[in-house]
Amino acid sequence: MEAKRIAVVGGGVAGMTAAFRLAESGYHVDLFEAAPALGGRTKSFYDGEVDEWVDNGPHAMVGAYHATLKLLKDVDALQYVNWQSSLTLSLWDQQRGFFDLKAASWLPVNVALIWAVYRLPQHDLSSVKAMLRLAVTMTNRNEEQTVQQWMDEIKAPKRLVEDMLEVLCLGVMNEPMQTANAKTFALVLATSFSSHQHAKMGWFNKPLSQALVAPLADKLRVLAVNIKLRTSIRSLDALNHDAVVLAMPAYARNRLLGIKEDVATQVITNIHLWFEDSIKLPNMMQGMLGTYGQWLFDVSAMMKQQGGLQHLCVIISADMSEKSQGELIDLVLFDIEKMLGLSLPKPKKVRFIREKRATVLVRNQDKVALPNHVFDACESPQSGELPATIELAVMSGEDAAMQVCHWI
Ligand SMILES: Cc1cc2nc3c(=O)[nH]c(=O)nc-3n(C[C@H](O)[C@H](O)[C@H](O)COP(=O)(O)OP(=O)(O)OC[C@H]3O[C@@H](n4cnc5c(N)ncnc54)[C@H](O)[C@@H]3O)c2cc1C
């Protein structure tokens with residue numbers, strides 16, 4: 001019997017995952033991607049001036065990314081991820097200098113975390129009590145509550161919020177606590193802090209184009225997926241397939257379906273800096289408190305690059321400043337100087353990447369009505385679901401592929 005033909009629209013992580021799983025199941029898959037290359041938001045580009053493949057923005061993961069890890073294993077790419085041995089958040093603020101939130105691996109993870117918080121400079125039993133209140137109120141958040149309202153409810157001390165909860169909220173949800181959804185944040189905390197294995201942070205040791213996109217694309221080719229780049233699908237009528245998976249950004253899906261409703265998205269700004277002289281950083285992933293950027297990544301160290309220019313990247317999550325590029329670059333350079341207590345040499349190169357629609361925000365929205373043969377893998381997280389991450393993209397792709405298999 002002739003294999004059924006499935007169209008996948010969008011060649012980001014969600015679309016590539018759906019195409020991979022469908023092709024594995026024996027379907028004939030056409031994958032349509034509007035851009036000249038696969039990858040979507042996990043894209044890298046070659047910068048000849050620094051002779052380096054540069055990610056749009058460095059992507060971090062946690063051990064609780066089960067679906068992503070399974071996918072990376074299936075496409076033989078697990079070697080491109082490095083892991084902390086146990087959770088450590090290296091932080092800095094102007095008043096206290098450098099300090100670590102480090103979960104001792106010999107204690108059960110929740111005890112280790114509370115103990116780690118207690119040992120942070122200028123924390124006391126009030127932080128411990130708030131952590132306990134946080135733990136016992138995790139499971140009954142209502143759909144509309146914001147993280148800020150939850151923190152007020154448990155009377156979280158300002159220090160605890162500033163040192164940990166605000167940083168985590170911005171990092172994983174890319175949204176300030178004042179509007180971020182508490183039910184989703186609770187899910188992230190509950191899954192990440194359910195074991196040491198889940199809590200630790202991971203990072204790619206190669207640019208995303210090599211670590212994630214190429215291994216997936218290689219498998220797609222082996223499975224004879226027909227990849228059509230530079231092909232933007234503007235109408236479902238253009239697709240004469242037995243089933244269709246939509247895996248494009250939600251605003252593009254709405255445009256395709258003629259839905260007027262807007263999709264709430266949030267910005268991430270990445271400032272990439274290259275230096276000729278080596279800059280000694282105490283940590284590869286440095287959390288910065290009370291500064292413009294929240295994280296400083298030593299990309300050269302993450303990628304184990306030897307010699308050449310040193311590549312640093314400052315991440316500004318939920319960047320709502322109205323500052324110009326030049327102002328923001330000056331501000332983050334000033335922050336790094338303040339943190340390291342030295343004056344930096346002039347960077348050889350600076351690249352400012354502001355991704356306006358970096359993530360779709362978690363909102364309570366009705367699911368989009370679709371024709372029977374069309375399945376949705378677009379990023380549109382609901383309250384109580386995972387936020388917009390690689391993990392959500394992989395899960396959405398897998399889920400849509402499974403639905404197609406059941407439907408056909
Ligand atoms: C700067 C930045 C940093 C991030 N950091 C992290 C992180 O640290 N950890 C983490 O887990 N996540 C992170 N994310 C989020 C993560 O990258 C995304 O959630 C994920 O990649 C979304 O994948 P997707 O496949 O759903 O969408 P996309 O990657 O947006 O893919 C959709 C694809 O559809 C294509 N398309 C659109 N319209 C059409 C059309 N009409 N026809 C055909 N193709 C179309 C687009 O070109 C695109 O390639 C970050 C994102 C950004 C931007």
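Start at 1 and go down the list; that is how both ligands and their atoms are numbered. Keep in mind it's a predicted model, so treat the numbers as computed, not measured.
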In ligand 1, which numbered atoms sit nearer than 4.0 Å to a non-hydrogen atom of A60? 7 (C), 8 (O), 9 (N), 10 (C), 11 (O)
Minimum-distance protein heavy atom relative to atom 23 (O) of ligand 1: A393 CB, 3.6 Å
Please confirm whether T17 comes under 4.0 Å of ligand 1, counting heavy atoms of the residue only. no
Contacts of type salt bridge (Lys or Arg N to Asp or Glu O under 4.0 Å), residue K70, not counting sequence neighbours: D74
Return the closest protein heavy atom for atom 27 (O) of ligand 1 as residue, atom name and distance. R41 NH2, 3.0 Å
Any heavy atom of E379 sitting closer than 4.0 Å to ligand 1? yes
For N270 and ligand 1, answer yes if some heavy atom of the residue is under 4.0 Å from a ligand atom, otherwise no. yes
Is it the side chain (CB and beyond), the backbone, both or neither of I390 that lies under 4.0 Å from ligand 1, heavy atoms counted? both
Kindly indicate, with the supporting measurements, whether the criterion side chain to side chain donor-acceptor pair (under 3.5 Å) is fulfilled by E391 and T68. CA-CA 6 Å; E391 178 71 357; T68 308; 2.6 Å; yes
From I114 CD1 over to S127 OG, what is the distance, rounded to the nearest 0.5 angstrom? 11.0 Å
F32 neighbourhood, listing ligand 1 atoms whose heavy-atom distance to it stays under 4.0 Å: 43 (C), 44 (N)
One thing to verify: whether R363 and E144 come together as a salt bridge, which I'm taking to mean a side-chain N less than 4.0 angstrom from a carboxylate O. no
Distance filter under 4.0 Å to P249 heavy atoms, resulting ligand 1 atoms: 30 (O), 32 (C), 34 (O), 37 (C)
When you measure from the side chain of Q149 to the backbone N and O of T146, does any donor-acceptor pair fall under 3.5 Å? yes
Ring-plane angle category for F32 and H241, please: parallel below 30°, perpendicular beyond 60°, tilted otherwise. perpendicular
Using a strict 4.0 Å cut-off to heavy atoms of E355, name the atoms of ligand 1 that fall inside it. 53 (C)
the protein heavy atom lying closest to atom 26 (O) of ligand 1 turns out to be A14 CB, 3.7 Å
When rounded to the nearest 0.5 angstrom, what is the spacing between CG in L309 and NZ in K348? 6.5 Å
For ligand 1, which atoms sit closer than 4.0 Å to a heavy atom of T42? 17 (O), 21 (O)
How far is atom 2 (C) of ligand 1 from its nearest protein heavy atom, and which residue and atom name does that atom have? I268 CD1, 3.7 Å
Per-atom contacts, ligand 1 versus V13 - under 4.0 Å to a heavy atom: 25 (O)
To which protein heavy atom is atom 31 (O) of ligand 1 closest, and what is the distance rounded to 0.1 Å? G12 CA, 3.4 Å
Which class fits the ring pair F297 and W295: parallel under 30°, tilted 30 to 60°, perpendicular over 60°? perpendicular
Quick one: nearest non-hydrogen protein atom to atom 11 (O) of ligand 1, plus distance? Y65 OH, 2.7 Å
Option with minimal heavy-atom separation from atom 34 (O) of ligand 1, where the choices are A252, G10, G171: G10
Are the side chains of L165 and L160 in touch, meaning some heavy atoms are under 4.5 Å apart? yes
Quick one: do D30 and K228 make a salt bridge, cutoff under 4.0 Å? no
Could you tell me the residue and atom name of the protein heavy atom closest to atom 46 (C) of ligand 1, and the distance to it rounded to 0.1 Å? E33 OE2, 3.5 Å
With rounding to the nearest 0.5 angstrom, report the CD to CZ distance, Q325 to R351. 11.0 Å
Enumerated ligand 1 atoms positioned under 4.0 Å from heavy atoms of V9: 42 (N), 43 (C)
Check the orientation of W53 and Y46. Use parallel for under 30°, tilted for 30 to 60°, and perpendicular for over 60°. tilted
Answer yes or no for R5 and Y27: cation-pi contact, defined as NZ/CZ to six-membered ring centre under 6.0 Å and angle to ring axis within 45°. no
Closest to atom 32 (C) of ligand 1 among G40, A247, G57, G11 (heavy-atom distance): A247
Can you confirm whether or not the ring centre of H198 sits under 6.0 Å from the ring centre of H66? yes
Nearest non-hydrogen atom to atom 17 (O) of ligand 1 belongs to which of R357, K356, M201, H59? H59
Just need the protein heavy atom nearest to atom 44 (N) of ligand 1, so name the residue and atom and give the distance. A34 N, 3.1 Å
Which of the atoms of ligand 1 are close to N56, meaning less than 4.0 Å from one of its heavy atoms? 53 (C)
